[in-house]
Amino acid sequence: MAKIFQVTARAGMTRVVEPVARGLLRAGVSPNAVTVTGTVGVLVGALGFGARGQLVAGALIVTFFALTDMLDGTMARMSGGSTRFGAFLDSSMDRVADSAVFGAVAYWLATEGNHSGVAAALICLAVGGLVSYVKARAEGLGMTGNVGVAERTERLLIVGVGGLLTGLGVGPALEISLWLLAAVSIFTVGQRVAHVYRQAQRVGRE
């Protein structure tokens, strides 16, 4: 059911993203420029607003610029496919943006004395990096690891919704979203490890 929802949501977003991608390409904007711009936008939202407790503004800015993760990929596909440097840049900028988001959340929660929330944010930061690493390592070994319920876009949306609700007065929403995200991220790591294990077993029998 979760996978069906993911596919449906991404299909809907694609219909929105593709016209924007075509327009930017016609204007001479490169996918790499969009990647860097998206990262800068996330940094502004997370460090400039979220870390200072301005959660509504921070969540809206981070969510908006996080969606460029789909935009630059669509632009690369339309322009003939991602280059090796483009793929490297995209992955590197994703790690920078994720670190800023969860670092800013952990910092603000620490200033509020919310030690449970800080722990959840740090778990999300560590496990989120592991989700990406497992996939990258599998691909480096000639296998795939692109499975799981909590890919990067979903992770940022979960924490973004939590931050938005807390900023609007729903006090524990951010902490709850972080613990939920920590759980689904750990589950996603397990899914990817199991997926790689099955592939490795098949290769070993051939």
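Judged as a salt bridge (Lys or Arg N to Asp or Glu O under 4.0 Å), and not counting sequence neighbours, Asp90 has no contacts. Taking the side-chain hydrogen bond (donor to acceptor under 3.5 Å, both in side chains) definition, one finds that Thr35 meets it with Asp72, sequence neighbours left out.
The closest side-chain heavy-atom distance from Met70 to Glu18 is not below 4.5 Å. Looking at heavy atoms from C-beta onward, Phe102 lies out of side-chain contact with Leu122 at the 4.5 angstrom threshold. With contacts defined as side-chain heavy-atom distances shorter than 4.5 Å, the pair Asp98/Arg155 qualifies. Looking only at side-chain heavy atoms (C-beta outward), Leu141 and Val196 stay at 4.5 Å or farther from each other. Residues Ile61 and Phe65 form a side-chain contact, since some pair of their non-hydrogen atoms from C-beta on lies under 4.5 Å apart. Counting only heavy atoms from C-beta outward, the side chains of Leu55 and Leu168 never approach each other to under 4.5 Å. A 4.5 Å side-chain heavy-atom check between Leu156 and Thr63 finds every atom pair outside the cut-off. Counting only heavy atoms from C-beta outward, the side chains of Thr74 and Met78 approach each other to under 4.5 Å.
The hydrophobic cluster containing Val101 also contains Leu109, counting ILVMFWY residues as joined when their side-chain heavy atoms lie under 4.5 angstrom apart, directly or transitively. Under the 4.5 Å side-chain contact rule for hydrophobic residues, Leu164 and Ile158 do not share a cluster.
A side-chain donor-acceptor contact under 3.5 Å links Gln191 to the backbone of Val149. In this structure, the side chain of Thr166 engages the main chain of Leu174 through a donor-acceptor pair within 3.5 Å. Within the 3.5 Å criterion, the main-chain N or O of Lys135 finds no donor-acceptor partner in the side chain of Arg192.
A donor atom on one side chain and an acceptor atom on the other are found under 3.5 Å apart for Arg95 and Ser132. With no hydrogens or angles considered, a side-chain donor-acceptor pair links Gln199 and His195 at under 3.5 Å.
Heavy atoms of other residues, nucleotides or ligands lying less than 6.0 angstrom from CZ of Arg137 number 12 at most.
Pairs of residues two or more places apart, or lying in two chains, that qualify as side chain to side chain donor-acceptor pair (under 3.5 Å) and include a residue from residues 99-121 are Asn114-Glu175, Ser116-Glu175, Ser116-Trp179.
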